[in-house]
Amino acid sequence: MIKVNFNAEVDKAQAQRILAEIKKDAMGGWMELPKKYDMGEFARIKEAAAKINEESEYLVCIGIGGSYLGHRAVIEALRPKSETKIIYAGNSLSKRELEWALEKVGDHDFSINVISKSGTTLEPAIAFEAFKKKLIEKYGAEEAMTRIYATTDAKQGALHDEAVENGYTRFVVPDNIGGRYSVLTAVGLLPMAVAGVDISKLLEGAAEAVETAVEPALNYAYMRYTLDSKGYDTEMFASFEPATVYFNEWLKQLFGESEGKEKRGILPDSLIYSTDLHSLGQYIQDGRRNLFETIIDYPTDDLNAKIVAAVRIAHTEGGIPVLNISVPSFDEKGFGELVYFFELTCAVSAKLIGVNPFDQPGVEKYKLELRKLLEK
């Protein structure tokens with residue numbers, strides 16, 4: 001069970017109204033998902049993962065933002081053992097990165113999991129075309145189509161239509177779950193299963209969190225709201241486990257896209273200690289006092305525990321509010337709980353400041369401007 005080391009003043013009546021609003025929201029499907037997962041799809045995910053493991057040395061995961069950050073976070077944290085290695089593509093427009101990924105695959109056997117609701121986002125679309133070409137050159141068109149797994153809209157969109165036409169194995173990006181809240185859907189479960197993550201235990205942890213995470217999540221959301229109202233407008237997510245660097249990246253997306261609207265929201269940033277104690281540590285200790293620190297306290301050894309304690313003491317004495325989130329276990333079940341806990345905290349936090357947790361108009365703005373430039 002997730003535990004926090006602080007007690008915020010929670011308006012219980014308001015909190016219950018907010019929880020009810022989130023559950024009824026058209027994009028609130030993630031709230032009950034861990035306890036109501038479609039076990040038919042779950043079996044198909046496991047079957048597809050087994051096929052990929054059997055015939056491929058690499059799975060190329062193509063996606064950007066919520067289509068890749070969540071599952072990469074869990075995979076890189078847990079470092080599961082699998083003969084099939086994951087390569088990520090389509091998360092930038094860097095020609096060098098795309099060429100590196102293509103060279104990495106080389107002449108090895110590979111499959112593709114392209115993850116996109118619409119199929120029109122430029123970064124993954126370009127990477128998909130490049131890897132699809134390589135797949136066809138290696139296996140021929142007929143076999144290549146059997147090695148493409150499309151996670152996309154159930155009924156429409158460019159990728160959906162292409163997948164139907166070519167017979168790709170398809171999984172659904174649910175209409176009622178947005179990208180950054182989609183870690184526990186096929187968006188995240190297929191690549192995690194291929195990588196060797198026990199997705200049954202992951203969902204088990206998340207299902208337990210549906211019941212156990214509500215109180216600590218509300219506590220955390222109201223504490224963030226209180227700190228924000230006092231001028232603490234930057235949150236530093238701090239971990240003492242280097243393997244969790246991508247989990248921190250997912251947190252930055254989750255909170256940044258959910259709260260950063262209408263000139264509101266806490267700015268999320270992240271640190272990996274003790275490495276960053278020797279870079280940003282000076283600023284954290286003696287810089288501007290507009291930030292607070294959220295330590296994600298994973299189970300660890302005695303030496304690392306002493307560093308955690310020392311940082312907490314030093315930074316508290318330096319005038320920084322230090323929040324502590326204790327994770328019960330560093331395994332699939334623990335990360336299932338943690339993912340759900342942060343999703344719930346984030347949605348409530350956004351509601352408290354009066355913004356929609358589930359849209360991202362700023363992201364759409366850059367896409368629109370990019371299209372205009374490309375059309376010219």
Side-chain angles (χ1 to χ4, degrees), residues 14-38 41-42 63-71 73 115-121 124 150-160 170-190 202-203 206-207 209-210 213-214 217-218 220-221 224-225 250-262 264-266 268 336 338-368:
Q14 181 190 40
Q16 291 305 311
R17 287 196 300 272
I18 288 174
L19 291 174
E21 285 176 12
I22 295 170
K23 187 178 292 187
K24 291 179 182 178
D25 194 286
M27 298 302 290
W30 54 271
M31 280 195 77
E32 298 293 328
L33 179 73
K35 298 185 74 172
K36 298 180 178 179
Y37 203 93
D38 179 346
E41 180 181 70
F42 194 74
I64 194 168
S67 294
Y68 97 105
L69 271 176
H71 56 82
I115 307 166
S116 176
K117 180 76 169 171
S118 66
T120 59
T121 302
T151 308
T152 189
D153 192 273
K155 299 177 182 178
Q156 60 185 353
L159 181 56
H160 166 272
R170 285 184 292 135
F171 294 97
V172 173
V173 179
D175 287 335
N176 61 349
I177 300 177
R180 56 188 177 274
Y181 292 85
S182 68
V183 186
L184 302 173
T185 72
V187 169
L189 294 181
L190 178 58
L202 190 80
L203 278 184
V210 173
V214 176
L218 289 174
Y220 181 28
R224 296 178 79 253
Y225 180 70
W250 174 69
L251 288 175
K252 284 156 65 175
Q253 186 211 4
L254 180 66
F255 283 89
E257 281 194 351
S258 297
E259 289 190 309
K261 296 152 196 173
E262 302 175 23
R264 303 177 194 177
I266 295 168
L338 198 59
V339 164
Y340 189 86
F341 166 80
F342 276 115
E343 288 177 345
L344 186 57
T345 296
C346 184
V348 173
S349 292
K351 287 283 188 179
L352 283 172
I353 62 172
V355 299
N356 182 350
F358 307 124
D359 65 355
Q360 51 279 335
V363 177
E364 300 307 321
K365 173 65 174 174
Y366 110 80
K367 289 182 182 179
L368 176 62

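What you see is a predicted model; the values in this text were computed from it and never measured. Each residue takes its place number in the sequence, starting with 1.
Between the Y68 side chain and the G188 main chain, no donor and acceptor come within less than 3.5 Å of each other. Listed for the R264 side chain is no donor-acceptor partner under 3.5 Å among the backbone atoms of V355. No side-chain donor-acceptor contact under 3.5 Å links K23 to the backbone of M31. A side-chain donor-acceptor contact under 3.5 Å links T152 to the backbone of K117. Panel note: side chain W250, backbone H71; no donor-acceptor pair is recorded below 3.5 Å.
Ring geometry for F341 versus Y220: interplanar angle under 30°, hence parallel rather than tilted (30 to 60°). A perpendicular orientation is assigned to the rings of F42 and Y37, their planes being inclined by more than 60° (bins at 30° and 60°).
Around the CZ atom of F358, the shell of radius 6.0 Å holds more than 12 heavy atoms that belong to other residues, nucleotides or ligands.
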Yes or no on side chain to side chain contact (heavy atoms under 4.5 Å, CB included) for L218 and L19, after CA distance, side-chain angles and deciding distance?
-> CA-CA 9 Å; L218 289 174; L19 291 174; 4.2 Å; yes

query: L203 and L184: side chain to side chain contact (heavy atoms under 4.5 Å, CB included), yes or no, with the steps?
result: CA-CA 7 Å; L203 278 184; L184 302 173; 4.2 Å; yes

Run the side chain to side chain contact (heavy atoms under 4.5 Å, CB included) test on N176 and Y181 for me, step by step, so that the C-alpha distance in whole Å, both residues' side-chain angles and the decisive distance to 0.1 Å come before the verdict. CA-CA 10 Å; N176 61 349; Y181 292 85; over 6 Å; no

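Of all heavy-atom pairs between S258 and R180, the closest is OG-NE, 2.9 Å. Here the closest heavy-atom approach between residue Y340 and residue A213 is recorded as CD2-CB, 4.4 Å. Taking each heavy atom of I64 and P124 in turn, the nearest pair found is CG2-CD, 4.1 Å. The nearest pair of heavy atoms linking A154 to V172 is CB-CG1, 3.8 Å. P357 approaches A347 most closely through the heavy-atom pair CG-O, 3.6 Å. The two residues Q253 and G66 make their nearest non-hydrogen contact at NE2-N, 3.1 Å.
To the nearest 0.5 angstrom, N356 atom CG is 12.0 Å from E259 atom CD. To the nearest 0.5 angstrom, S116 atom OG is 13.0 Å from H160 atom NE2. Separating the NZ atom in K155 from the CG atom in D175 is a distance of 7.0 Å, to the nearest 0.5 Å. Here the OG1-CG distance, from T151 to L190, works out to 6.0 Å after rounding to the nearest 0.5 Å. Here CG of L189 is found 6.5 Å from CG of L202. Values are rounded to the nearest 0.5 Å.
Using a 4.0 Å cut-off between charged nitrogen and carboxylate oxygen, R170 and D153 do not count as a salt-bridge pair.
Applying the salt bridge (charged side-chain N to carboxylate O under 4.0 Å, His left out) definition to pairs two or more places apart or across chains, those involving residues 351-361 are E21-K351, K261-D359.
Applying the ring-ring contact (aromatic ring centres under 6.0 Å, His included) criterion to F255, with sequence neighbours excluded, gives F237. The side-chain contact (heavy atoms from CB on, under 4.5 Å) search around K36 returns E32, not counting sequence neighbours. Considering only residues two or more places apart in sequence or on other chains, S67 meets the side-chain contact (heavy atoms from CB on, under 4.5 Å) condition with I115. Residues meeting the side-chain contact (heavy atoms from CB on, under 4.5 Å) test with V363, sequence neighbours left out: E257, Q360, Y366, K367. Under the rule for a side-chain contact (heavy atoms from CB on, under 4.5 Å), the partners of A221 that lie at least two apart in sequence or sit in another chain are T345, V348, S349, L352.
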